[in-house]
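Take a look at the structure set out below.
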Amino acid sequence: MATRSRIAIENEDGTVKSIYCHFDGYVGNNGKILFNHYDKEKLEKLIELGDISSLGESTEDTAAYHRDRGEDLHTTSYLNVEGLFENGSDSGEEYIYCLTKEGVWVFKDYSNKILDLKEKLKEYKIID
């Protein structure tokens with residue numbers, strides 16, 4: 001069974017661009033990978049791939065529907081971060097991750113609260 005997620009970046013103008021990820025969206029996997037391996041530059045390259053099946057530690061290790069399977073390129077945009085968190089689970093995503101324009105990873109899970117990813121990873125003892 002898939003744990004679906006949405007991965008997003010907030011642009012300097014406040015708009016948001018995102019992709020869907022089908023597998024392993026929980027904090028201990030996608031959250032940890034995003035926090036440890038994706039800064040703004042790398043995340044922009046990831047989102048250029050469009051929707052993905054699974055997230056890798058680099059874009060080369062990521063299974064992308066368009067690049068790897070020849071499917072249509074698909075991304076989703078939102079007017080702002082609030083719109084992302086209000087509407088970003090339209091495809092059944094259990095987790096929504098966003099790198100803010102300030103460079104902070106935030107996410108929303110089943111609790112429906114927007115949380116600081118770094119603090120949650122520390123709480124789960126995934127990082128120090």
Side-chain angles (χ1 to χ4, degrees):
M1 184 171 163
T3 304
R4 298 162 292 200
S5 62
R6 180 154 298 280
I7 300 167
I9 190 167
E10 180 184 21
N11 300 307
E12 289 302 317
D13 66 0
T15 61
V16 174
K17 191 168 184 180
S18 72
I19 58 173
Y20 167 83
C21 179
H22 191 69
F23 288 106
D24 300 329
Y26 51 92
V27 172
N29 191 75
N30 281 6
K32 178 181 174 184
I33 292 170
L34 290 167
F35 184 80
N36 286 329
H37 299 282
Y38 286 89
D39 58 12
K40 180 182 178 195
E41 182 180 325
K42 290 178 183 177
L43 184 59
E44 287 171 342
K45 290 178 182 176
L46 176 71
I47 290 177
E48 286 175 10
L49 293 176
D51 292 345
I52 61 176
S53 177
S54 61
L55 177 65
E57 293 181 359
S58 70
T59 55
E60 293 82 19
D61 297 334
T62 296
Y65 293 132
H66 176 69
R67 180 193 64 197
D68 302 327
R69 298 182 185 177
E71 296 180 22
D72 290 340
L73 181 64
H74 187 264
T75 61
T76 304
S77 297
Y78 299 90
L79 294 176
N80 51 41
V81 173
E82 293 80 13
L84 166 71
F85 285 124
E86 287 174 14
N87 303 303
S89 58
D90 289 346
S91 297
E93 293 89 331
E94 289 94 350
Y95 295 87
I96 301 171
Y97 298 96
C98 183
L99 182 63
T100 67
K101 61 185 173 185
E102 293 81 23
V104 177
W105 276 107
V106 293
F107 78 104
K108 182 173 125 177
D109 62 9
Y110 55 86
S111 72
N112 223 15
K113 296 178 187 174
I114 299 171
L115 305 166
D116 182 290
L117 181 58
K118 181 178 183 178
E119 293 306 312
K120 188 58 74 170
L121 291 168
K122 284 181 178 181
E123 179 184 323
Y124 288 167
K125 299 187 184 333
I126 294 171
I127 64 169
D128 295 324

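Computed from heavy atoms alone, side chains included, the values below leave out hydrogens, waters and symmetry copies.
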4.5 Å side-chain heavy-atom contact, [X] and [Y]:
X: Thr59; Y: Lys42; result: no
X: Leu43; Y: Ile7; result: yes
X: Leu34; Y: Trp105; result: yes
X: Tyr65; Y: His74; result: no
X: Phe35; Y: Ile126; result: no
X: Asp24; Y: Ile33; result: no

More than 12 foreign heavy atoms under 6.0 Å from [atom1] of [X]: is that the case here?
X: Leu73; atom1: CG; answer: yes
X: Lys101; atom1: NZ; answer: yes
X: Glu102; atom1: CD; answer: yes
X: Asp72; atom1: CG; answer: no

Minimum heavy-atom separation for [X] and [Y], please, with both atom names.
X: Phe107; Y: Asp116; result: CE2-O, 4.1 Å
X: Thr75; Y: Gly50; result: CG2-CA, 3.9 Å
X: Ile9; Y: Glu44; result: CD1-CG, 3.8 Å
X: Asp128; Y: Lys122; result: O-CE, 3.4 Å
X: Tyr26; Y: Tyr95; result: CA-CE1, 3.5 Å
X: Ser54; Y: Cys21; result: CA-SG, 4.0 Å

Exercise for review: Apply side-chain contact (heavy atoms from CB on, under 4.5 Å) to the pair Leu49 and Ile19, showing each step before the final yes or no.
Suggested key: CA-CA 9 Å; Leu49 293 176; Ile19 58 173; 5.9 Å; no
**Study point:** Criterion side chain to side chain contact (heavy atoms under 4.5 Å, CB included) against Tyr97, the qualifying member of Val27, Leu55, Leu84
**Key:**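 Answer to the side chain to side chain contact (heavy atoms under 4.5 Å, CB included) test with Tyr97 among Val27, Leu55, Leu84: Val27.
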**Study point:** Sole residue of Glu10, Glu86, Lys17, Arg6 in side chain to side chain contact (heavy atoms under 4.5 Å, CB included) with Tyr78
**Key:**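 So the option named by the test is Arg6.
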**Study point:** Pair Thr15-Ser77, side-chain contact (heavy atoms from CB on, under 4.5 Å): steps then yes or no
**Key:** CA-CA 7 Å; Thr15 61; Ser77 297; over 6 Å; no
Review point. Using 4.0 Å as the upper bound for N to carboxylate O, is an ion pair formed by Lys45 and Glu48?
Key: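 Here Glu48 does not pair with Lys45 in a salt bridge, since their nearest N and O are not under 4.0 Å apart.
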Practice item. Answer yes when Arg4 and Glu93 have at least one side-chain N-carboxylate O distance shorter than 4.0 Å, and no when they do not. Key: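 Result for this pair is no, no salt bridge flagged.
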Review point. Going only through I, L, V, M, F, W and Y residues with side-chain contacts under 4.5 Å, is there a path from Ile127 to Tyr124?
Key: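 In one cluster: yes.
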